[in-house]
Amino acid sequence: MNVGIPSNRRTAQAGQNAGHARPRSPETKTGANRARSPALGKSSAPNPSGPTTRSSIASGGPPAGSVGSGSLGKGAHSAHGAQPNVRRVTSSTVEEIRRIDANREQRRRQAEEVRRSRQEEAALLGAQCGGHAPDIDFHRMIQNYRQQNYRQPVRFEPLDPGAPDGVMVCVRKRPIMQHEVTNSELDCVTACNPCAVIHETKLKVDGITKCLESHQFEFDRVFDEECTTEDVYTTVASPIVPWVLAKGGRATLFAYGQTGSGKTFTMTGIQRLLTEHLFEHVRRYSALDLTVSISFFEIYGGRPYDLLNNRQRLETLEDANNEVQIAGLVERGTANPQEMQQCIDLGNSLRTTQGTAINRDSSRSHAICVVFLRKTGGGSIHGKVTLVDLAGSERAADSKSSIRQRRVEGAQINKSLLALKECIRAMGDRREAHVPFRASKLTLVLRDAFISRGPAKTIMIACISPGMASADHSVNTLRYSDRLKEHPGQHPRSGKTVEDGDSAAGRRLSTGIRTQSPDRKLQSQRRSPSPTQERGVIAGARQRPNSGTVPDLSKDEVFDLHSEEELLDEDLEDLEDKHAGPCQQGGQGGGGPSALAPAAQAFPAASQAWAESRHWEDRIVTQHMHALQEDARLLTKESELLSQVQQGAAYDLEWYALEVDKIVRRKVEVYMNLMEDLAVFKTQLKRDETHAGARRLSRADARAEGPQPAPSTLNVPQTSPRLQAAMDGHPCNPQRTPRTPRLHAGELPSDVR
Ligand SMILES: Nc1ncnc2c1ncn2[C@@H]1O[C@H](COP(=O)(O)OP(=O)(O)OP(=O)(O)O)[C@@H](O)[C@H]1O
């Protein structure tokens, strides 16, 4: 009601409202509401029943037709003396309508413009990426971050091996690869020496709004994708050569990182460059009278194999001085760079590689190339350079896409990498009296490289992939590397996460070992430790919780490692037997034919179940991947639909509702199918477990009683309580849940209908 408001103030207010998109005043609201009434459309027509003003209604005047303008005003003015008010209210209402229309039109134009420019940008980006445009919004966010935080990279100064710092950590980012571009992946790593930033792309809790989480780290040197291996060598490795010669020191250089991140690429380059450089310096230091020799071996599945001797299986022994010796390891003398390079090439060609989901040519072992500088004649070691190309750390998800053997390898690799980290950290921590070298074969054979009587230097090159799909793994790699630099009484100097901060859970991830759920932990605790557990330092840490042997290994991690190890014991036996090459047959500990073969002969049902399980294992992972991809596609569609409606571009709400309905139905269908397959898979797993139990029992019987009992006389053991509990409690347990019928497109399950 405008009663009591001076007319001149109301006019001014109406003028203001027309000019600015401000919240409506009560009067403009009234005007707008009235404007929507059909009567308003006829306002210019003469009104026979006479005009009515708001003041007249307020004052109890006669009700009449709609508010109008033009001729309408005269009678009203003469009758009630209120025409100026009518004109003003009317004109403000019309103006309000016009303003609303104009605003809407402007919003529509703006939305259209944004859409067009987004499309143009996506097309441009798509053209740059060979038709596979990555997510344009994330692309913009990363570009904005780079623009806003740009600073000149610090020049690459060669590392000083004489510096007191324990471990030097450098990072190398490889260029984005064609297969990543084809998968529409974004480059989500900003490398600017000495900083490395990983941008993780995320959706907020509403599931639609995109946001960027940037993890910042600082290292001794950070090499971007433009840097060549020569740059890395000159900065990181070349200062080591004169230092080793002059000081008689021992230098160890690691390449660490996710599978496919460029470790082998970097390490083979360093090996090649070192060959020339080393001989050059040996000539320069001719007064020392040194010879160069080389050993090259790999650790696969926890066992060393000689790469310069046809992959002969080796044994690690400890001598009277507690020094680890690798019995039978060949050491080849090399007179010139060419000979040394030939040895290196031979070793690299014999290394165990396999195609994985991430890398077509993935190294599945730790390759250790040791270059000795020995006194001519005397044979004592003057200096030593150890180049370690570590096997790629993996997420469980990466290895799941491969066969079981890859998973077992992956678990072994992660276990040894965890042990390596703990050793390096324990050495850096002066409070640590004990360094857990026995935790893995890798650390055991490297013990000599770490604890030598003379000067020693350790350098880690952390390799990271730039792809968005690897972002979480790259963060883990950098956290792992960052923590190598921690020293007592100091805070970690970087590893800052913009937004959420560095959560404990995130830190745990950096160990490469999953954290257990409380249930699983409890189950692990209940189980008695296996003999293998009691060997390593992890077992020691468990027995002496206060000894500080493994300083920050959380209990979760310890238990996880144990259960993982326990689960893998059987598999590793098979794996090692399978891996033994022809050269090992009949040799020391030679595996001979695969251990699976006799078992398969003895238990045809077991081998069939095993084969079926492998089939289902692959199938379930593929199905899950497809479900996720479909879900992601639907989510994108859903968010586009929603934003269209929110921007007012889609007016057909019926169409909108139909589209949403279609999307939701499809989602239900996809996940119901997956659940159905999961139910079958769980049955397979149970059968698998039963057969494995039978095999274990048979082996134990054979060992205890001599001849192996006939399969028909076997007592098939019950499924383990752990698996039974897991299956009983799981919604997909086929015994508990009736098998869901496969849905056809557009059909809804009965409980959803
Ligand atoms: N800096 C680089 N420049 C160009 N290509 C690179 C670079 N780094 C790695 N690559 C390429 O990336 C691919 C994977 O690299 P590489 O095999 O070295 O990875 P990796 O970390 O050793 O993997 P894995 O642990 O699985 O053995 C190879 O094709 C390699 O040529």
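Values below: every heavy atom of this structure, side chains too, minus hydrogens, waters and symmetry copies. As the structure lists them, so they are numbered: ligands from 1, and atoms in each ligand from 1.
Side-chain atoms of Glu185 come within 3.5 Å of backbone atoms of Met468 as a donor-acceptor pair (strictly under, hydrogens ignored). Put simply, the side chain of Asp472 never gets that close to the backbone of Ser474: no donor and acceptor are under 3.5 Å apart. Formation of a donor-acceptor pair under 3.5 Å by the Ser470 side chain with backbone atoms of Pro466 is not found in this model.
Note: His277 and Tyr233 have perpendicular aromatic rings, judged against thresholds of 30 and 60 degrees for the angle between ring planes. Using cut-offs of 30° and 60° for the angle between ring planes, the Tyr256 and Tyr480 rings count as parallel.
Contacts of Ala255 with ligand 1, taken as heavy-atom pairs under 4.0 Å, are absent altogether.
Atoms of ligand 1 lying under 4.0 Å from at least one heavy atom of Gln258, given by number and element, are 21 (O). Near Ser261, meaning under 4.0 Å from one of its heavy atoms, ligand 1 places the atoms 19 (O), 20 (P), 21 (O). The atoms of ligand 1 that sit less than 4.0 Å from any heavy atom of Gly260 are 14 (C), 19 (O), 20 (P), 21 (O), 23 (O), 24 (P), 25 (O), 26 (O). Atoms of ligand 1 found under 4.0 Å from any heavy atom of Gly392 (numbered from 1 in listed order, with element): 25 (O).
Proximity of Glu225 to ligand 1 is not established, as no heavy-atom distance is less than 4.0 Å. Close to ligand 1: Arg172, with a non-hydrogen atom less than 4.0 angstrom away.
When every heavy atom of Val244 is checked against every heavy atom of Gly383, the shortest pair comes out as CG1-CA, 3.8 Å.
The option from Glu226, Met177, Lys263 that lies nearest to atom 12 (O) of ligand 1, judged by heavy atoms, is Met177.
Residue-to-ligand polar distances place Gly262 within reach of ligand 1: an N/O pair is separated by less than 3.5 Å.
A salt bridge does not link Arg221 with Glu157: every distance from a Lys NZ or Arg NE/NH1/NH2 to an Asp or Glu carboxylate oxygen is 4.0 Å or more.
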